[in-house]
K.L.:
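Attaching a single structure in structure tokens format; questions to follow.
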Amino acid sequence: MDKISVLVLAFTSIVIVNNLVLTKFLGICPYLGVSGRIDMAFGMGMAVTFVITLAGCLTWLIDHLILVPYGLEITRYVCYILVIAGAVQLVEMYLRKFFPPLYESFGIFLPLITTNCAILGLCLFLNVWNVDNFPLAAVLSFGAGIGFTLAICIMAGIREQLNFSDVPAALRGAPITLITAGIMTMAFMGFAGMIK
């Protein structure tokens with residue numbers, strides 16, 4: 001199989017089949033907390049896509065060029081968290097400067113991207129999955145961000161429709177959101193086995 005096919009399959013796999021939110025249950029806090037409106041969900045998805053792509057690429061390079069050759073794997077978590085925090089600061093400064101309403105609407109969830117476990121999870125998965133070349137690491141990182149954006153936008157669209165639905169009083173709010181998240185997860189599990 002040529003390299004382009006491998007990269008396309010890897011991208012499809014991380015976006016749909018092995019979506020970090022829907023199959024690994026990572027990044028659930030912003031997935032549930034910022035999915036009330038589709039415009040906010042898309043903005044959060046783009047912010048996470050930028051951070052996860054930058055963090056995945058930089059941590060793969062740091063791991064393979066510095067940590068492993070010099071036997072410093074024990075500092076892996078510290079290095080990863082520093083890279084993620086730096087990328088989040090870039091996003092925060094950019095949004096505050098160019099999109100102040102979006103920056104205000106995110107509230108606490110924007111700095112919390114630093115602790116988004118989907119980002120740290122992807123950086124660690126690149127190591128666990130033995131990704132041995134940089135293009136594959138970059139594609140998987142970008143695909144993980146697109147997968148997060150896909151999941152949060154679908155959830156936001158459903159939640160916007162639920163505002164106009166006749167939901168029983170006992171299920172309004174968090175209960176119907178969690179039930180919806182469970183049904184979405186089961187729907188995406190139908191893709192399991194298509195691509196490893």
Side-chain angles (χ1 to χ4, degrees), residues 11-56 84 87-123 125 139-192 194:
F11 180 80
T12 307
S13 171
I14 196 78
V15 170
I16 297 173
V17 180
N18 295 309
N19 187 301
L20 292 180
V21 176
L22 299 173
T23 63
K24 309 283 190 257
F25 307 110
L26 297 174
I28 296 296
C29 295
Y31 172 66
L32 296 176
V34 192
S35 59
R37 291 186 358 229
I38 201 157
D39 58 335
M40 282 181 56
F42 184 74
M44 178 58 77
M46 289 296 99
V48 169
T49 299
F50 174 79
V51 172
I52 203 168
T53 303
L54 187 62
I84 293 167
V88 171
Q89 286 301 311
L90 285 176
V91 170
E92 201 170 339
M93 287 188 297
Y94 179 78
L95 288 179
R96 188 183 312 158
K97 175 80 175 172
F98 295 107
F99 301 99
L102 189 60
Y103 173 79
E104 294 295 329
S105 66
F106 280 157
I108 189 66
F109 287 102
L110 188 58
L112 281 180
I113 293 175
T114 305
T115 58
N116 186 329
C117 48
I119 299 171
L120 182 60
L122 183 276
C123 296
F125 279 134
V139 165
L140 287 172
S141 302
F142 179 67
I146 296 298
F148 179 87
T149 304
L150 177 73
I152 197 171
C153 285
I154 291 173
M155 176 58 96
I158 292 171
R159 288 181 70 180
E160 282 188 352
Q161 289 299 314
L162 285 174
N163 291 334
F164 304 106
S165 301
D166 188 21
V167 178
L171 296 179
R172 289 187 190 141
I176 194 67
T177 301
L178 293 175
I179 291 170
T180 304
I183 293 171
M184 268 185 61
T185 299
M186 285 191 289
F188 270 74
M189 285 175 69
F191 296 113
M194 282 178 48

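Note that the structure is predicted; figures quoted are calculated from it, not measured.
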K.L.:
Working to the nearest 0.5 Å, report the span between CZ of R172 and CG of D166.
P.N.:
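Between atom CZ of R172 and atom CG of D166 there are 7.0 Å.
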K.L.:
Once you round to the nearest 0.5 Å, how far does OG1 of T49 lie from CE of M44?
P.N.:
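Those atoms lie 11.0 Å apart.
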K.L.:
Of the non-hydrogen atoms in P175 and A170, which two are nearest, and what is the gap between them?
P.N.:
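Looking at all heavy atoms of both residues, the shortest contact is CG-O, 3.8 Å.
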K.L.:
Just checking, any donor-acceptor pair under 3.5 angstrom between side chains of S13 and N18?
P.N.:
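Note: S13 and N18 side chains meet the donor-acceptor criterion.
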K.L.:
Are V17 and T23 packed together at the side-chain level, in the sense that at least one heavy-atom pair is separated by less than 4.5 angstrom?
P.N.:
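They are not in contact (no side-chain heavy atoms under 4.5 Å apart), so the answer is no.
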K.L.:
Can you name the nearest heavy-atom pair linking A41 to A156, along with the distance?
P.N.:
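Residues A41 and A156, closest heavy atoms: CB-CB, 3.5 Å.
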K.L.:
Which heavy atom of R159 sits nearest a heavy atom of L32, and at what distance?
P.N.:
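R159 and L32 have their closest heavy atoms at NH1-O, 2.8 Å.
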K.L.:
First locate atom CD1 of I158, then atom CD1 of I183, and finally report the distance between them rounded to the nearest 0.5 Å.
P.N.:
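Nearest 0.5 Å value for the CD1-CD1 distance: 8.5 Å.
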K.L.:
Which heavy atom of S141 sits nearest a heavy atom of I52, and at what distance?
P.N.:
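That closest heavy-atom pairing would be O-CG2, 3.3 Å.
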K.L.:
Hey, mind stepping through F125 and L20 against side chain to side chain contact (heavy atoms under 4.5 Å, CB included) and telling me if it holds?
P.N.:
CA-CA 10 Å; F125 279 134; L20 292 180; 4.0 Å; yes
K.L.:
I need the minimum non-hydrogen distance between G45 and T149, along with the two atoms involved.
P.N.:
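It is O-OG1, 3.0 Å.
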K.L.:
Is there a side-chain contact between L22 and M184 in this structure, where contact means two heavy atoms from C-beta onward sitting under 4.5 Å apart?
P.N.:
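L22 vs M184: side chains touch.
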K.L.:
Is there a side-chain contact between F99 and Y94 (heavy atoms, below 4.5 Å)?
P.N.:
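Contact flag for F99/Y94 side chains = yes.
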K.L.:
If you compare all heavy atoms of I84 against all heavy atoms of A55, which two are closest, and at what distance to 0.1 Å?
P.N.:
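Closest approach of I84 to A55, heavy atoms only: CG1-CB, 3.8 Å.
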K.L.:
Hey, could you give me the CD/CD distance between Q89 and E92, rounded to the nearest 0.5 Å?
P.N.:
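Output value for this atom pair is 5.0 Å.
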K.L.:
Give, for atom CE of M155 and atom CD of E160, the distance between the pair rounded to the nearest 0.5 Å.
P.N.:
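The distance works out to 12.5 Å.
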K.L.:
How long is the span from the CG atom in L26 to the CZ atom in F148, to the nearest 0.5 Å?
P.N.:
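That separation rounds to 10.5 Å.
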K.L.:
Within a 6.0 Å radius of atom CZ on F11, are there more than 12 heavy atoms belonging to other residues, nucleotides or ligands?
P.N.:
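Counting other residues, nucleotides and ligands, CZ of F11 exceeds 12 neighbours.
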K.L.:
A side-chain contact here means heavy atoms from C-beta on lying under 4.5 Å apart; do F25 and T185 qualify?
P.N.:
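In contact.
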K.L.:
Can you find a pair of side-chain heavy atoms, one from V21 and one from F188, that are under 4.5 Å apart?
P.N.:
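No. Closest side-chain heavy atoms not under 4.5 Å.
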K.L.:
Using side-chain contact (heavy atoms from CB on, under 4.5 Å) as the criterion, point out the one residue from V167, T177, L171 that pairs with L162.
P.N.:
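One option only clears the test, and that one is V167.
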K.L.:
side-chain contact (heavy atoms from CB on, under 4.5 Å) with M93: which of V91, L95, L90?
P.N.:
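Result: among V91, L95, L90, L90 is the only option passing the side-chain contact (heavy atoms from CB on, under 4.5 Å) with M93.
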